[in-house]
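Step one of this worksheet: look at the structure below.
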Protein chains: 2
Amino acid sequence: MSQENTGTLGEKHENPHLSDTSSLGLPRELVEAVELMFFAYRDFVSDPDTILESHGFGRAHHRVLHFVGRRPGMSVSELLHILSITKQSLSRVLKDLIEEKYIIQETDEQDRRIKRLLLSAKGHELHRNLIAPQIQRFQVSLAKSESGTLEKWQEFMRHLTNMETKIDFMDDTGREK
Amino acid sequence: MSQENTGTLGEKHENPHLSDTSSLGLPRELVEAVELMFFAYRDFVSDPDTILESHGFGRAHHRVLHFVGRRPGMSVSELLHILSITKQSLSRVLKDLIEEKYIIQETDEQDRRIKRLLLSAKGHELHRNLIAPQIQRFQVSLAKSESGTLEKWQEFMRHLTNMETKIDFMDDTGREK
DNA sequence: ACAAATATGTCAGCCATGTTGACTTATTTT
DNA sequence: AAAATAAGTCAACATGGCTGACATATTTGT
(Lines give C-alpha, C1' and ligand atoms only; values in the text may rest on other atoms or scores of the structure.)
Protein backbone atom coordinates (compact mmCIF):
# COMPACT_ATOMS: atom_id res chain seq x y z
CA MET A 1 0.00 0.00 0.00
CA SER A 2 1.76 3.05 -1.23
CA GLN A 3 0.87 5.03 1.81
CA GLU A 4 3.13 5.79 4.70
CA ASN A 5 1.99 5.71 8.29
CA THR A 6 1.21 9.22 9.34
CA GLY A 7 1.29 8.24 12.95
CA THR A 8 -1.95 9.85 13.95
CA LEU A 9 -3.80 6.68 14.82
CA GLY A 10 -3.42 3.20 16.08
CA GLU A 11 -0.51 3.79 18.38
CA LYS A 12 -2.22 3.99 21.69
CA HIS A 13 -0.13 1.21 23.10
CA GLU A 14 3.14 2.96 22.58
CA ASN A 15 2.47 5.56 25.22
CA PRO A 16 0.81 4.14 28.27
CA HIS A 17 0.65 7.51 29.97
CA LEU A 18 -1.72 9.15 27.48
CA SER A 19 -1.79 12.89 27.16
CA ASP A 20 0.62 13.16 24.28
CA THR A 21 -0.73 15.34 21.52
CA SER A 22 -2.06 14.57 18.07
CA SER A 23 -1.59 16.70 14.99
CA LEU A 24 -4.23 19.00 16.43
CA GLY A 25 -2.18 19.94 19.45
CA LEU A 26 -4.90 18.36 21.55
CA PRO A 27 -4.73 15.32 23.82
CA ARG A 28 -4.87 12.36 21.50
CA GLU A 29 -7.11 10.27 23.70
CA LEU A 30 -9.75 12.99 23.64
CA VAL A 31 -9.60 13.27 19.88
CA GLU A 32 -10.08 9.53 19.72
CA ALA A 33 -12.98 9.84 22.11
CA VAL A 34 -14.62 12.28 19.70
CA GLU A 35 -14.30 9.69 16.96
CA LEU A 36 -15.69 6.99 19.20
CA MET A 37 -18.85 9.03 19.64
CA PHE A 38 -19.25 9.02 15.87
CA PHE A 39 -18.52 5.34 15.29
CA ALA A 40 -20.43 4.04 18.29
CA TYR A 41 -23.52 6.08 17.52
CA ARG A 42 -23.51 5.09 13.88
CA ASP A 43 -23.18 1.39 14.61
CA PHE A 44 -25.61 1.60 17.48
CA VAL A 45 -28.47 2.81 15.30
CA SER A 46 -27.66 0.55 12.36
CA ASP A 47 -29.72 -2.44 13.50
CA PRO A 48 -32.98 -0.59 14.09
CA ASP A 49 -32.40 1.23 10.80
CA THR A 50 -32.55 -2.09 8.98
CA ILE A 51 -35.81 -3.07 10.65
CA LEU A 52 -37.33 0.33 10.01
CA GLU A 53 -36.51 0.10 6.34
CA SER A 54 -38.54 -3.08 5.99
CA HIS A 55 -41.54 -1.15 7.32
CA GLY A 56 -40.96 1.87 5.13
CA PHE A 57 -40.07 3.95 8.16
CA GLY A 58 -37.01 6.00 9.07
CA ARG A 59 -35.17 7.06 12.19
CA ALA A 60 -37.63 9.84 12.80
CA HIS A 61 -40.42 7.29 13.12
CA HIS A 62 -38.30 5.32 15.56
CA ARG A 63 -37.82 8.30 17.83
CA VAL A 64 -41.49 9.08 17.96
CA LEU A 65 -42.37 5.47 18.61
CA HIS A 66 -39.77 5.27 21.32
CA PHE A 67 -40.68 8.34 23.28
CA VAL A 68 -44.40 7.73 23.06
CA GLY A 69 -43.72 4.20 24.27
CA ARG A 70 -41.66 5.49 27.14
CA ARG A 71 -44.11 8.13 28.18
CA PRO A 72 -47.57 6.93 27.26
CA GLY A 73 -50.12 9.70 27.12
CA MET A 74 -47.66 12.43 26.27
CA SER A 75 -48.98 15.38 24.30
CA VAL A 76 -47.81 16.45 20.88
CA SER A 77 -46.12 19.54 22.25
CA GLU A 78 -44.25 17.53 24.88
CA LEU A 79 -43.03 15.26 22.13
CA LEU A 80 -41.92 18.23 20.06
CA HIS A 81 -40.01 19.55 23.02
CA ILE A 82 -38.13 16.31 23.68
CA LEU A 83 -37.28 15.75 20.04
CA SER A 84 -36.38 19.40 19.48
CA ILE A 85 -37.84 19.46 16.01
CA THR A 86 -40.55 21.58 14.44
CA LYS A 87 -44.13 20.50 14.40
CA GLN A 88 -44.06 20.33 10.62
CA SER A 89 -41.26 17.77 10.76
CA LEU A 90 -43.03 15.79 13.41
CA SER A 91 -46.36 15.85 11.65
CA ARG A 92 -45.05 13.92 8.65
CA VAL A 93 -43.87 10.95 10.66
CA LEU A 94 -46.59 11.10 13.28
CA LYS A 95 -49.19 11.04 10.52
CA ASP A 96 -47.65 7.85 9.10
CA LEU A 97 -47.62 6.18 12.48
CA ILE A 98 -51.22 7.13 13.22
CA GLU A 99 -52.48 6.14 9.78
CA GLU A 100 -50.79 2.77 10.04
CA LYS A 101 -52.15 2.29 13.55
CA TYR A 102 -48.91 2.18 15.49
CA ILE A 103 -49.95 5.20 17.51
CA ILE A 104 -53.35 6.09 18.92
CA GLN A 105 -54.56 9.57 19.78
CA GLU A 106 -56.89 10.28 22.68
CA THR A 107 -58.36 13.66 23.40
CA ASP A 108 -57.58 14.79 26.93
CA GLU A 109 -60.65 14.85 29.15
CA GLN A 110 -59.75 17.98 31.08
CA ASP A 111 -58.42 20.02 28.17
CA ARG A 112 -59.90 18.91 24.90
CA ARG A 113 -57.31 20.80 22.88
CA ILE A 114 -54.65 18.32 23.96
CA LYS A 115 -54.21 14.97 22.26
CA ARG A 116 -52.61 12.21 24.29
CA LEU A 117 -50.42 9.83 22.31
CA LEU A 118 -50.30 6.10 22.97
CA LEU A 119 -48.83 3.02 21.36
CA SER A 120 -51.20 0.38 20.03
CA ALA A 121 -50.32 -3.29 20.54
CA LYS A 122 -48.75 -3.18 17.08
CA GLY A 123 -46.82 -0.10 18.15
CA HIS A 124 -45.51 -1.76 21.28
CA GLU A 125 -44.40 -4.74 19.29
CA LEU A 126 -42.46 -2.66 16.80
CA HIS A 127 -40.98 -0.62 19.62
CA ARG A 128 -39.71 -3.80 21.28
CA ASN A 129 -38.30 -5.13 18.03
CA LEU A 130 -36.47 -1.89 17.35
CA ILE A 131 -34.90 -1.58 20.76
CA ALA A 132 -34.02 -5.26 21.17
CA PRO A 133 -30.78 -5.19 19.14
CA GLN A 134 -29.66 -2.08 20.98
CA ILE A 135 -30.28 -3.64 24.37
CA GLN A 136 -28.51 -6.72 23.10
CA ARG A 137 -25.52 -4.62 22.09
CA PHE A 138 -25.35 -3.17 25.59
CA GLN A 139 -25.63 -6.58 27.19
CA VAL A 140 -22.87 -8.04 25.06
CA SER A 141 -20.64 -5.07 25.85
CA LEU A 142 -21.42 -5.24 29.54
CA ALA A 143 -20.54 -8.92 29.62
CA LYS A 144 -17.06 -7.91 28.49
CA SER A 145 -16.76 -5.20 31.13
CA GLU A 146 -16.22 -5.14 34.83
CA SER A 147 -19.15 -4.55 37.16
CA GLY A 148 -20.24 -0.98 37.70
CA THR A 149 -19.43 -0.11 34.09
CA LEU A 150 -22.97 0.77 33.09
CA GLU A 151 -23.51 3.16 35.99
CA LYS A 152 -20.26 4.96 35.27
CA TRP A 153 -20.92 5.06 31.54
CA GLN A 154 -24.35 6.55 32.17
CA GLU A 155 -23.01 9.15 34.53
CA PHE A 156 -20.37 10.22 32.05
CA MET A 157 -22.81 10.31 29.15
CA ARG A 158 -25.16 12.41 31.24
CA HIS A 159 -22.35 14.89 31.83
CA LEU A 160 -21.91 15.15 28.07
CA THR A 161 -25.50 16.21 27.49
CA ASN A 162 -26.89 19.70 27.90
CA MET A 163 -28.43 19.88 31.32
CA GLU A 164 -31.63 21.36 29.97
CA THR A 165 -32.30 18.40 27.75
CA LYS A 166 -31.83 16.00 30.61
CA ILE A 167 -34.05 17.87 33.01
CA ASP A 168 -36.79 18.28 30.45
CA PHE A 169 -37.12 14.57 29.98
CA MET A 170 -35.07 12.29 32.16
CA ASP A 171 -35.77 14.15 35.36
CA ASP A 172 -39.41 14.77 34.69
CA THR A 173 -41.93 12.76 36.59
CA GLY A 174 -44.95 14.78 35.58
CA ARG A 175 -44.86 17.24 38.42
CA GLU A 176 -42.54 20.05 37.73
CA LYS A 177 -39.02 21.17 38.42
CA MET B 1 -50.20 20.32 34.51
CA SER B 2 -53.10 18.14 33.56
CA GLN B 3 -50.83 15.17 33.12
CA GLU B 4 -50.38 12.33 35.52
CA ASN B 5 -47.09 10.63 36.13
CA THR B 6 -46.87 7.53 34.01
CA GLY B 7 -44.03 6.21 36.05
CA THR B 8 -41.81 5.25 33.16
CA LEU B 9 -39.04 7.72 33.80
CA GLY B 10 -37.28 9.66 36.43
CA GLU B 11 -37.51 7.18 39.25
CA LYS B 12 -34.05 5.76 39.20
CA HIS B 13 -33.46 6.71 42.78
CA GLU B 14 -36.29 4.63 44.11
CA ASN B 15 -34.65 1.34 43.28
CA PRO B 16 -30.94 1.33 44.03
CA HIS B 17 -30.54 -2.23 42.75
CA LEU B 18 -31.47 -1.54 39.16
CA SER B 19 -32.75 -4.35 36.99
CA ASP B 20 -36.42 -3.74 37.48
CA THR B 21 -38.28 -3.63 34.23
CA SER B 22 -39.85 -0.79 32.27
CA SER B 23 -43.02 -0.93 30.25
CA LEU B 24 -41.04 -2.79 27.60
CA GLY B 25 -40.31 -5.74 29.80
CA LEU B 26 -36.66 -4.85 29.46
CA PRO B 27 -34.20 -3.72 32.13
CA ARG B 28 -34.98 -0.09 32.69
CA GLU B 29 -31.40 1.03 33.04
CA LEU B 30 -30.64 -0.32 29.59
CA VAL B 31 -33.60 1.44 28.04
CA GLU B 32 -32.34 4.61 29.66
CA ALA B 33 -28.91 3.91 28.26
CA VAL B 34 -30.40 3.75 24.78
CA GLU B 35 -31.88 7.18 25.34
CA LEU B 36 -28.60 8.51 26.65
CA MET B 37 -26.96 7.58 23.38
CA PHE B 38 -29.51 9.73 21.59
CA PHE B 39 -29.32 12.75 23.89
CA ALA B 40 -25.57 12.68 24.37
CA TYR B 41 -24.86 12.39 20.67
CA ARG B 42 -27.27 15.14 19.78
CA ASP B 43 -25.88 17.55 22.30
CA PHE B 44 -22.34 16.55 21.53
CA VAL B 45 -22.58 17.60 17.89
CA SER B 46 -24.60 20.73 18.55
CA ASP B 47 -21.66 23.08 19.11
CA PRO B 48 -19.77 22.23 15.91
CA ASP B 49 -23.09 22.41 14.04
CA THR B 50 -23.40 26.06 15.03
CA ILE B 51 -19.93 26.87 13.80
CA LEU B 52 -20.46 24.97 10.57
CA GLU B 53 -23.61 26.89 9.86
CA SER B 54 -21.73 30.18 9.94
CA HIS B 55 -19.47 28.79 7.21
CA GLY B 56 -22.30 27.42 5.12
CA PHE B 57 -21.18 23.88 5.86
CA GLY B 58 -22.95 20.89 7.38
CA ARG B 59 -22.05 17.85 9.42
CA ALA B 60 -20.91 16.01 6.35
CA HIS B 61 -18.24 18.66 5.78
CA HIS B 62 -17.16 18.30 9.38
CA ARG B 63 -16.61 14.57 9.03
CA VAL B 64 -14.52 14.95 5.92
CA LEU B 65 -12.47 17.71 7.47
CA HIS B 66 -11.98 15.65 10.59
CA PHE B 67 -10.83 12.42 9.02
CA VAL B 68 -8.59 14.11 6.51
CA GLY B 69 -7.10 16.04 9.39
CA ARG B 70 -6.57 12.89 11.37
CA ARG B 71 -5.05 10.95 8.55
CA PRO B 72 -3.32 13.41 6.26
CA GLY B 73 -2.65 11.99 2.83
CA MET B 74 -5.55 9.59 2.84
CA SER B 75 -7.06 8.70 -0.51
CA VAL B 76 -10.62 9.35 -1.57
CA SER B 77 -11.51 5.68 -1.43
CA GLU B 78 -10.10 5.32 2.08
CA LEU B 79 -12.23 8.26 3.12
CA LEU B 80 -15.30 6.70 1.53
CA HIS B 81 -14.62 3.50 3.40
CA ILE B 82 -14.33 5.18 6.80
CA LEU B 83 -17.40 7.32 6.29
CA SER B 84 -19.39 4.47 4.74
CA ILE B 85 -21.12 6.70 2.25
CA THR B 86 -21.23 6.68 -1.54
CA LYS B 87 -18.80 8.62 -3.63
CA GLN B 88 -21.64 10.76 -4.96
CA SER B 89 -22.49 11.86 -1.43
CA LEU B 90 -18.87 12.53 -0.63
CA SER B 91 -18.20 14.41 -3.82
CA ARG B 92 -20.67 17.14 -2.99
CA VAL B 93 -19.04 18.08 0.27
CA LEU B 94 -15.49 17.35 -0.80
CA LYS B 95 -15.97 19.62 -3.78
CA ASP B 96 -17.03 22.46 -1.49
CA LEU B 97 -14.04 21.95 0.77
CA ILE B 98 -11.59 21.85 -2.11
CA GLU B 99 -13.10 24.84 -3.88
CA GLU B 100 -12.98 26.89 -0.72
CA LYS B 101 -9.41 25.77 -0.08
CA TYR B 102 -9.90 23.88 3.16
CA ILE B 103 -8.63 20.69 1.56
CA ILE B 104 -5.78 20.20 -0.88
CA GLN B 105 -5.40 17.33 -3.33
CA GLU B 106 -2.04 15.89 -4.28
CA THR B 107 -1.58 13.23 -6.91
CA ASP B 108 0.25 10.22 -5.55
CA GLU B 109 3.74 9.83 -7.00
CA GLN B 110 3.71 6.05 -7.28
CA ASP B 111 0.15 5.64 -8.52
CA ARG B 112 -1.06 8.73 -10.31
CA ARG B 113 -4.70 7.60 -10.18
CA ILE B 114 -4.76 8.19 -6.44
CA LYS B 115 -5.30 11.64 -4.98
CA ARG B 116 -3.98 12.26 -1.50
CA LEU B 117 -6.10 14.58 0.62
CA LEU B 118 -4.60 17.14 2.98
CA LEU B 119 -5.83 20.03 5.09
CA SER B 120 -4.63 23.52 4.23
CA ALA B 121 -3.72 25.91 7.06
CA LYS B 122 -7.26 27.22 6.79
CA GLY B 123 -8.54 23.66 6.98
CA HIS B 124 -6.51 22.91 10.08
CA GLU B 125 -7.83 26.01 11.74
CA LEU B 126 -11.45 25.15 11.07
CA HIS B 127 -10.83 21.59 12.19
CA ARG B 128 -9.46 22.85 15.49
CA ASN B 129 -12.34 25.24 15.98
CA LEU B 130 -14.88 22.51 15.32
CA ILE B 131 -13.37 19.99 17.66
CA ALA B 132 -12.56 22.42 20.46
CA PRO B 133 -16.03 22.52 22.02
CA GLN B 134 -16.25 18.73 21.90
CA ILE B 135 -12.89 18.33 23.62
CA GLN B 136 -14.05 20.92 26.09
CA ARG B 137 -17.20 18.94 26.79
CA PHE B 138 -15.09 15.87 27.52
CA GLN B 139 -12.77 17.77 29.79
CA VAL B 140 -15.61 19.28 31.78
CA SER B 141 -17.23 15.87 32.14
CA LEU B 142 -13.95 14.22 33.10
CA ALA B 143 -13.38 16.83 35.77
CA LYS B 144 -16.60 15.65 37.38
CA SER B 145 -15.61 11.99 37.18
CA GLU B 146 -13.19 9.78 39.00
CA SER B 147 -9.86 8.91 37.43
CA GLY B 148 -9.84 6.12 34.90
CA THR B 149 -13.25 7.14 33.61
CA LEU B 150 -12.10 8.00 30.12
CA GLU B 151 -10.32 4.70 29.56
CA LYS B 152 -13.32 2.73 30.72
CA TRP B 153 -15.72 4.85 28.71
CA GLN B 154 -13.61 4.33 25.60
CA GLU B 155 -13.42 0.61 26.12
CA PHE B 156 -17.16 0.34 26.52
CA MET B 157 -17.86 2.54 23.50
CA ARG B 158 -15.50 0.42 21.45
CA HIS B 159 -17.47 -2.66 22.44
CA LEU B 160 -20.59 -0.97 21.13
CA THR B 161 -19.16 -0.46 17.67
CA ASN B 162 -19.00 -3.02 14.91
CA MET B 163 -15.55 -4.53 15.00
CA GLU B 164 -15.06 -4.05 11.28
CA THR B 165 -15.45 -0.32 11.51
CA LYS B 166 -12.88 -0.11 14.26
CA ILE B 167 -10.31 -2.24 12.53
CA ASP B 168 -10.67 -0.41 9.27
CA PHE B 169 -9.75 2.87 10.84
CA MET B 170 -8.68 2.88 14.45
CA ASP B 171 -6.43 -0.11 14.11
CA ASP B 172 -4.96 0.82 10.76
CA THR B 173 -1.52 2.27 10.60
CA GLY B 174 -1.22 2.39 6.81
CA ARG B 175 0.13 -1.04 6.06
CA GLU B 176 -2.60 -3.49 5.56
CA LYS B 177 -4.41 -6.30 7.29
C1' DA C 1 0.42 -4.24 -26.72
C1' DC C 2 -4.01 -4.51 -25.41
C1' DA C 3 -7.67 -5.69 -22.34
C1' DA C 4 -9.22 -5.43 -17.78
C1' DA C 5 -9.30 -3.49 -13.44
C1' DT C 6 -8.91 0.51 -10.47
C1' DA C 7 -9.40 5.42 -8.69
C1' DT C 8 -11.72 9.33 -9.34
C1' DG C 9 -15.28 12.35 -10.96
C1' DT C 10 -19.85 13.66 -12.78
C1' DC C 11 -24.87 13.98 -14.34
C1' DA C 12 -29.52 13.27 -13.14
C1' DG C 13 -32.99 12.09 -10.10
C1' DC C 14 -35.10 10.09 -5.80
C1' DC C 15 -35.92 9.97 -0.71
C1' DA C 16 -35.94 11.27 4.27
C1' DT C 17 -36.01 14.66 7.37
C1' DG C 18 -34.75 18.94 8.93
C1' DT C 19 -36.08 24.17 8.24
C1' DT C 20 -39.32 28.81 7.76
C1' DG C 21 -43.57 31.31 7.14
C1' DA C 22 -48.36 31.72 6.86
C1' DC C 23 -52.74 30.18 8.15
C1' DT C 24 -56.90 27.43 10.06
C1' DT C 25 -59.65 25.25 13.64
C1' DA C 26 -61.01 24.04 18.17
C1' DT C 27 -60.77 25.02 22.81
C1' DT C 28 -59.59 27.31 27.01
C1' DT C 29 -58.27 31.43 29.56
C1' DT C 30 -58.55 36.15 30.72
C1' DA D 1 -65.62 38.86 23.54
C1' DA D 2 -60.72 38.79 22.91
C1' DA D 3 -56.50 36.52 23.46
C1' DA D 4 -53.80 32.61 24.12
C1' DT D 5 -52.92 27.79 23.44
C1' DA D 6 -52.74 23.05 21.08
C1' DA D 7 -52.85 20.94 17.06
C1' DG D 8 -52.77 20.57 12.10
C1' DT D 9 -51.90 22.01 7.25
C1' DC D 10 -49.87 23.96 2.85
C1' DA D 11 -45.96 25.35 0.26
C1' DA D 12 -41.24 25.89 -0.43
C1' DC D 13 -36.47 25.07 0.53
C1' DA D 14 -31.84 22.73 2.22
C1' DT D 15 -28.92 18.91 3.48
C1' DG D 16 -27.14 14.75 2.78
C1' DG D 17 -28.10 10.05 2.13
C1' DC D 18 -29.13 6.81 -2.14
C1' DT D 19 -29.10 4.47 -7.20
C1' DG D 20 -27.77 4.08 -12.04
C1' DA D 21 -25.14 5.30 -15.83
C1' DC D 22 -21.06 6.94 -17.72
C1' DA D 23 -16.37 9.32 -18.61
C1' DT D 24 -11.40 9.70 -17.90
C1' DA D 25 -6.88 8.62 -16.51
C1' DT D 26 -3.83 5.28 -15.04
C1' DT D 27 -2.05 0.89 -13.75
C1' DT D 28 -1.99 -4.19 -13.98
C1' DG D 29 -2.18 -8.61 -15.99
C1' DT D 30 -2.03 -11.75 -20.04
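As a basis for the values below, the full set of heavy atoms in this structure was taken, side chains included, without hydrogen atoms, waters or symmetry mates. Every chain is numbered from 1, with letters handed out A, B, ... down the list of sequences.
The two residues A/H61 and A/L97 make their nearest non-hydrogen contact at O-CD1, 3.8 Å.
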Side-chain polar contacts of residues 131-141 of chain B - donor-acceptor pairs under 3.5 angstrom, sequence neighbours left out - could you list them?
{"residue": "B/Q134", "atom": "NE2", "partner": "B/F44", "partner atom": "O", "Å": "3.0"}
{"residue": "B/R137", "atom": "NE", "partner": "B/D47", "partner atom": "OD2", "Å": "3.2"}
{"residue": "B/R137", "atom": "NH1", "partner": "A/L160", "partner atom": "O", "Å": "2.7"}
{"residue": "B/R137", "atom": "NH1", "partner": "A/N162", "partner atom": "OD1", "Å": "2.9"}
{"residue": "B/R137", "atom": "NH2", "partner": "A/N162", "partner atom": "OD1", "Å": "3.0"}
{"residue": "B/R137", "atom": "NH2", "partner": "B/D43", "partner atom": "O", "Å": "3.2"}
{"residue": "B/R137", "atom": "NH2", "partner": "B/D47", "partner atom": "OD2", "Å": "2.9"}
{"residue": "B/S141", "atom": "OG", "partner": "A/H159", "partner atom": "O", "Å": "3.4"}
{"residue": "B/S141", "atom": "OG", "partner": "B/R137", "partner atom": "O", "Å": "2.9"}

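In this structure B/S46 satisfies the side-chain hydrogen bond (donor to acceptor under 3.5 Å, both in side chains) test with no other residue, sequence neighbours excluded. Applying the side-chain hydrogen bond (donor to acceptor under 3.5 Å, both in side chains) rule to A/S120 yields no partners; only residues at least two apart in sequence or on another chain are considered. For B/E99, there are no salt bridge (Lys or Arg N to Asp or Glu O under 4.0 Å) partners at least two apart in sequence or on another chain. Residues passing the side-chain hydrogen bond (donor to acceptor under 3.5 Å, both in side chains) test with B/H62, sequence neighbours excluded: none. With sequence neighbours excluded, no residue satisfies side-chain hydrogen bond (donor to acceptor under 3.5 Å, both in side chains) with A/R112.
Sorted pairs that involve residues 82-98 of chain B and meet salt bridge (Lys or Arg N to Asp or Glu O under 4.0 Å), not counting sequence neighbours, are lacking altogether.
To the nearest angstrom, C1' of C/dT17 lies 13 Å from CD of A/Q88. Atom pair B/L79:CG and C/dT8:C1' shows a separation of 13 Å (rounding to whole Å applied). Rounded to whole Å, atom C1' of D/dT26 lies 14 Å from atom CZ of B/R116. Going from atom CD1 of B/I85 over to atom P of D/dC18 covers 7 Å, rounded to whole Å.
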Pairs under 3.5 Å (N/O, protein and nucleotides 28-30 of chain C):
{"residue": "C/dT28", "atom": "OP1", "partner": "A/R112", "partner atom": "N", "Å": "3.0"}
{"residue": "C/dT28", "atom": "O4'", "partner": "A/R113", "partner atom": "NE", "Å": "3.4"}

What N/O pairs connect the protein and nucleotides 13-15 of chain D at under 3.5 Å? Give each pair on its own line.
none

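Ring orientation note: the planes of A/Y102 and A/H55 are nearly perpendicular, at an angle over 60° on the 30°/60° scale. Ring pair A/Y41/B/Y41 is parallel by interplanar angle, where below 30° counts as parallel and above 60° as perpendicular.
Within residues 45-55 of chain B, no residue has a heavy atom under 4.0 Å from DNA chain D. Taking every heavy atom of residues 95-103 of chain A and every atom of DNA chain D, pairs under 4.0 Å involve A/K95, by number.
Looking at which nucleotide of DNA chain C each of A/T86 and B/S77 is closest to, the 5′-most match is held by B/S77. Summary of the strand contacts: A/K87 and B/Q105 both lie near DNA chain C, and taking for each the nucleotide with the nearest heavy atom, the more 5' one is attributed to B/Q105.
Annotation: A/F156 is not in aromatic contact with B/F156 [ring centroid separation under 6.0 Å not met].
In the helix from C/dA1-D/dT30 to C/dT30-D/dA1, the end axes, each obtained as the rotation axis mapping the C1' atoms of four pairs onto the next four within a five-pair block, lie 20° apart to the nearest 10 degrees.
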